[in-house]
Amino acid sequence: MDNNILDKQSQHWEKNFLSKPEMFGLEPSKSAIKALKVFKKENITKIIELGAGLGRDTIFFAKNSIKVEAFDYSISAVNIIKKKVEENNLSEFVSTKIFDIRKKLPFKNNLIQGCYSHMLYCMALTNLDIENLNNEICRVLKPNGINIYTVRHTNDADYKNGINRGKDLYENDGFIVNFFSKKKIINLLKGFKNETIENFEEGTFPRKLFYVQNKKLG
């Protein structure tokens, strides 16, 4: 994908976060509610959240005693999360970082208990970017660590609509989405064992997504 298009995506998200600071609502996502149960069952007390957005899931995890390192490449998003953390007295549980997930994750090997991302994998990333990201998550997770992510899939109404920006990439209303098939998810299992792939819907549109839960091989 043209880097100029990626740069414009960053600007587009900044504009939307500033003008609609609650564009995804205040309630946690369905995936976060499900992920919390998994983290509790696996005795995971600290996670990294990649592409934390406006922090609705970050705050939910923190209120349930999960420590979160929240990463996002939007300055506005990170500032909004910081404000929410202060308002809810959750500084003990949340740290934030402005970060481009196309870069190497700033952690040593086999360090992190769990990783969570809601619709990050289906952002304006090439398939190679996604593969590199997934490999980085595998590198930093402890053996048997959990990676939970969600993606919009190829049965979503926006798939193959709008402007085609590359393989599986379509732009609608200024947002570029990378759509996933189950085969594409299975192809990202290097170093992982898949524990579940589940369909769910979100929003009034609605967006059609996969909830993916993988465990790093021990």
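Checked by atom type, the side-chain pair Tyr149/Asn134 shows no donor-acceptor distance below 3.5 Å. Looking at Asn194 and Asn214, their side chains do bring a donor and an acceptor atom within 3.5 Å of each other.
Closest heavy-atom contact between Leu36 and Phe60: CD2-CZ, 3.5 Å. Of all the heavy atoms in Ser31 and Thr150, the pair that sits closest is CB-CG2, 3.4 Å. The heavy-atom pair separating Glu201 from Pro206 by the smallest distance is OE1-CG, 3.4 Å.
For Tyr116 and Phe61, the gap between ring centers is short of 6.0 Å.
Phe210 and His153 have tilted rings, their planes meeting at an angle from 30° to 60° on a 0 to 90° scale.
Put simply, the residue from Leu111, Asn109, Asn110, Ile112 that forms a side-chain contact (heavy atoms from CB on, under 4.5 Å) with Val140 is Ile112.
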Evaluate side chain to side chain donor-acceptor pair (under 3.5 Å) for Thr196 paired with Gln213, printing each intermediate quantity in order. CA-CA 5 Å; Thr196 188; Gln213 182 179 314; over 6 Å; no
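Residue pairs meeting the salt bridge (charged side-chain N to carboxylate O under 4.0 Å, His left out) criterion with at least one member in residues 131-155, sequence neighbours excluded, are Glu136-Arg139, Arg152-Asp156, Arg152-Asp158.
Between Glu87 and Lys63 there is no salt bridge, since no side-chain N of the basic residue sits under 4.0 Å from a carboxylate O of the acidic one.
Take Lys216 and apply the salt bridge (Lys or Arg N to Asp or Glu O under 4.0 Å) test, not counting sequence neighbours, and it matches no residue.
Taking NZ from Lys46 and CZ from Phe39, the interatomic distance works out to 14.0 Å, rounded to the nearest 0.5 Å. Atoms CD1 and CZ, on Ile185 and Phe180 in that order, are 7.0 Å from each other to the nearest 0.5 Å.
Geometric assessment of Lys215 against the ring of Phe192 yields a negative cation-pi assignment under the 6.0 Å and 45° thresholds.
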